[in-house]
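Fair warning: this is a prediction, and the values are worked out from it, not measured in the lab.
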Amino acid sequence: MDVAFIIETIAKIVVILLIFSALAGLGTYFERKVLAFMQRRLGPMHVGPFGLLQVAADGIKLFTKEDIIPQNVVKPIFKIAPVITAATAFMAAAAIPFWPQFTVMGYTVHPIVADINVGILYVLGVMAIGLYGPLLGGMASANKWSLISAARSAAVFISYEVITGLALLAPLMMVGSLSLVDINNYQVGGIGNWIVWSQPVAFILFWIAAFAETGRTPFHLVANDHEIIDGFGTEYSGMRWGLFFIGEYANMFFISFVIAIVFLGGFGDGTIAGAIQLILKVAFFFFFFLWTRAAWPDVRPDQLMWLCWKVLMPIAVLNVVVTGIVMMF
Amino acid sequence: MFEAIAFYLFAVLTIVMFTITVMTQQALYAITAMAAGMIFISAFFFILGADFLGAIQIIVYTGAVMALYAFGMMFFDTTRNVVEKRTNTQIVFVLGVLAAVMVVAIFVAPIASNNIEALYPVDAAIGNTQAIGIVLFTKYLVPFELAAVMLLVAMIGGIVLAGKKMDKSLTLMAEEDIGSMDDSLESKAGGH
């Protein structure tokens, strides 16, 4: 463990934090523009060219707004809950290979903070901890809407974690490794080798579960505006509310990376073209999150549970069994 | 050196977290501290090179078990302190100390007698995850299968206990039907 390694790791952490915090902010801009386009509106257009500086204006507003702590809340938990959401979202990034390794001035850079050999398990585990943000925020808020939202988030997360795990099991059986780098290398050799062709069911299941894990429409019932106001975020103001937001958008980016790497070949053989392809794939999945929000209504909580336990889980289990049988013979 | 620093850091953090869990009167502090403690325990697995167990520790304990506790906490007001009924503090104290001494003795005894040896030392050629799979499906196959059967029994039991009215959906029923169905329940619960 030498000094160069420590400096390199810290530099990588800082870069990832900065890029994805900025991307989370820009993500809100993209979301508003895409939604506006689909709903025949203009979206943000007054601040800066094409409304681009709207992100900065929102940021300044959030940072300078008064941090209101309501009277009956459990103060320390109420304060720490948004930090949990944002922190776990970024912690999950530690095991994601964002790019193939490249060489700058004779020094090889691996754009992954910690190449542990249980990468995908770690990412899923840490994303699962993200549940504590909405859960604790909602329960500490002394507000009925927040409490309902906390209960919903716990139910949704526990249910859909089962789907994520079972859906990933089949591709992992084929690859024989839990490392995201190994999963990527398994699919080297062009579009025909992508896991999505041999595991289409797992791909769809994981994609559906990704919507539940990030709490996006059509599974947005954790903070469903028209029935429980802003759910766990109802009592929050200023930057604490903003941290929930950053966590949600960072999670969307990271889960897009995971889908692209596990099912769609990731960065391929590691050339520049492969790296650009990965960015395009991630951009598509992020766009799809926004697209569904504009196009689909939300489902009811009982429909969500029905979908999870009575439809998706049996399909996922069948998929694992069939994969096992095919691999055996 | 880094391992030593990490070990003492996480040891202190773990102990502090579980102390809060036991000592606090506020249920939300307890559950947050316990979840954090479970995560800090996973750090020891990572320090020991058991990556798979570390990740599983986070997923199972923090992601699933603690989330279920949190689900149970929905049934009471978490913003108020829980007042425990302690009838005899001496007995609690004596039992607590005895239990602590016993746990320490159990773990120190094999270390003190130098009687620890790894029956299945880690093979450097195969990965950590594969090593667990090999041990689980050879040496520990019977306990592993027994655990699976017990979990299945628990799951079926849970479904039988909870599933009495599962074919009816409250959301899809008409208002008056729900009223007539709940009459018998409300009189028992006392309503509030």
(request) Would you mind checking which part of Gln130(B) comes under 4.5 Å of any heavy atom in chain A, side chain (CB onward), backbone (N, CA, C, O), both or neither? (result) side chain
(request) Can you spot which of Leu131(A), Val126(A), Ile129(A) makes a side-chain contact (heavy atoms from CB on, under 4.5 Å) with Thr62(B)? (result) Ile129(A)
(request) State whether the number of non-hydrogen atoms from other residues, nucleotides or ligands found under 6.0 Å of Trp296(A) atom CH2 is greater than 12. (result) no
(message) So for Ala81(A), is it side chain, backbone, both, or neither that comes closer than 4.5 Å to the heavy atoms of chain B?
(response) neither
(request) Answer with side chain, backbone, both or neither: which region of Ile56(B) has an atom nearer than 4.5 Å to a non-hydrogen atom of chain A? (result) side chain
(message) Would you compute the distance between atom CG of Leu28(B) and atom CG of Leu136(A) and round it to the nearest 0.5 angstrom?
(response) 6.5 Å
(message) For the OH atom on Tyr61(B), are there more than 12 heavy atoms of other groups (residues, nucleotides or ligands in this structure) within a distance under 6.0 Å?
(response) no
(request) Evaluate whether atom CD1 of Ile80(A) has more than 12 neighbouring non-hydrogen atoms of other residues, nucleotides or ligands under 6.0 angstrom away. (result) no
(message) Measuring only between side-chain heavy atoms, which start at C-beta, is Tyr29(B) closer than 4.5 Å to Val74(A)?
(response) yes
(message) Distance check, rounded to the nearest 0.5 Å: Met127(A) atom CE versus Ile58(B) atom CD1?
(response) 13.5 Å
(message) Could you tell me if the side chain of Leu178(A) sits less than 4.5 Å from the side chain of Asp51(B), heavy atoms only?
(response) no
(message) Measuring from atom OG1 of Thr32(B) to atom CE of Met139(A), what distance do you get when rounded to the nearest 0.5 angstrom?
(response) 7.5 Å
(message) Given heavy-atom pairs under 4.5 angstrom as the criterion, report whether the side chain, backbone, both or neither of Asn72(A) touches chain B.
(response) backbone
(message) Working note: Phe2(B) + Ile6(A), criterion side-chain contact (heavy atoms from CB on, under 4.5 Å); need CA distance, chi angles, decisive distance, verdict.
(response) CA-CA 11 Å; Phe2(B) 283 105; Ile6(A) 295 171; 3.5 Å; yes
(message) Can you tell me which portion of Leu121(A) sits under 4.5 Å from chain B's heavy atoms? Options are side chain, backbone, both or neither.
(response) both
(request) Kindly give the heavy-atom pair with the smallest separation between Tyr122(A) and Ala55(B), and that separation in Å. (result) N-CB, 4.3 Å
